Amino acid sequence: MLVATWNINGVKARLDALLQWLDECQPDVACLQEIKSVDEAFPRSEIEARGWQIETHGQKGFNGVALVSKTPALSIERGLAGDETDEQARFLSGLWSTSRGPIRIASLYLPNGNPVGTDKFPYKLRWMERLESTARQWLAEETPFVLAGDYNVIPQPEDAKNAADWLGDALYQPESRAAYRRLMNLGLVDALRATTDRAQTYTFWDYQAGAWPKNNGIRIDHMLLSPELSAAMKGVRIDKYVRAWEKPSDHVPVVLNIED
DNA sequence: ATGACTCGTATTACGAGA
């Protein structure tokens, strides 16, 4: 079973690339972030015409997450628990039936948090506390799960080409990294790091200053697995080749392979 | 020499991303 995550940076701007990649990858469930679309404007029919199931949780202009899958979800939940006043569309989860039993899969778009020193940074940290609470609750329920998405956190120095460039950035603040570690310390497994120690493994390259040709990347798109699932991991790959396409997203897909 | 971004929203400028 393949579970993928991809921040596509605008579903309408990326529709051709999305269709091409879905066709090639054939994920069972693909978690999308930054669809930048309200639900009504999501290019649903073009994707459904190729046989995919779609669930969206969008908003006007920015943010927004979606789940694209081969089979329909048994149930869907929109939004991250813990703050009724939060209007940003950043979390969407579904329950699927598999040969190993039910599995819960979430598409998450964790707040960027820049600039540090504005209210955006504490919003990021509060959002991470809410994510940790959700993970605790899901662990207690004992249904295997994948928390997949754009975490906007560089966990370790080796997750950036030039870690020193990110010292003042919300993605690499001690508080952001500590909150990510607290999540890991619940017993979750970072699927990529559990399966490779390969250097210069990145998922994002900025559009500016030739970051892609210089391979000046960072690893911020992660898949965190519940403990039962980590034993069933076959591997993780990064579909880096799509960054070289015409009109690419600045992120590339991460694809997790789980034993059926 | 040395890579000056891209998307969406709303009017060719701005917010947001990272």
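All figures in this text were calculated on a predicted structure; none of them were measured in a lab. Here is the naming used below: chain letters follow the sequence lines, and residue numbers restart at 1 for every chain. Only heavy atoms go into these numbers, but all of them, side chains included; no hydrogens, no water, no symmetry mates.
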Summarise how protein sits on nucleotides 6-18 of chain B as a single string, 5' to 3': B when a protein heavy atom is under 4.0 Å from the base, S for sugar-phosphate-only contact, - for no contact. SBSS------SSB
Which value, in whole Å, describes the distance between the [atom1] atoms of nucleotides [N] and [M]?
| N | M | atom1 | result |
| --- | --- | --- | --- |
| B:dT9 | B:dG3 | C1' | 29 Å |
| B:dT6 | B:dA10 | P | 22 Å |
| B:dC5 | B:dA18 | C1' | 12 Å |

Sequence neighbours left out, what passes side-chain contact (heavy atoms from CB on, under 4.5 Å) with A:K70? Give chain and number order. A:Q26, A:D28, A:W52
Listing request: all ring pair (Phe, Tyr, Trp, His ring centres under 6.0 Å) pairs with a residue in residues 184-210 of chain A, at least two apart in sequence or in separate chains. A:F204-A:H251, A:W205-A:W212
Side-chain donor-acceptor pairs of residues 252-260 of chain A under 3.5 Å, sequence neighbours excluded:
| residue | atom | partner | partner atom | Å |
| --- | --- | --- | --- | --- |
| A:D260 | OD1 | A:M1 | N | 2.8 |

Would you give me the side-chain donor-acceptor pairs under 3.5 Å for residues 147-154 of chain A, sequence neighbours excluded?
| residue | atom | partner | partner atom | Å |
| --- | --- | --- | --- | --- |
| A:D150 | OD1 | A:N152 | N | 3.0 |
| A:D150 | OD2 | A:N7 | ND2 | 2.9 |
| A:Y151 | OH | A:L147 | O | 2.9 |
| A:N152 | ND2 | A:L110 | O | 2.8 |

Please table the atom pairs, donor to acceptor, closer than 3.5 Å between any side-chain atom in residues 164-175 of chain A and protein atoms at least two apart or in another chain.
| residue | atom | partner | partner atom | Å |
| --- | --- | --- | --- | --- |
| A:D169 | OD1 | A:N114 | ND2 | 2.8 |
| A:D169 | OD1 | A:L171 | N | 2.9 |
| A:D169 | OD2 | A:N114 | ND2 | 3.3 |
| A:Q173 | NE2 | A:L167 | O | 2.8 |
| A:Q173 | NE2 | A:D169 | O | 3.1 |

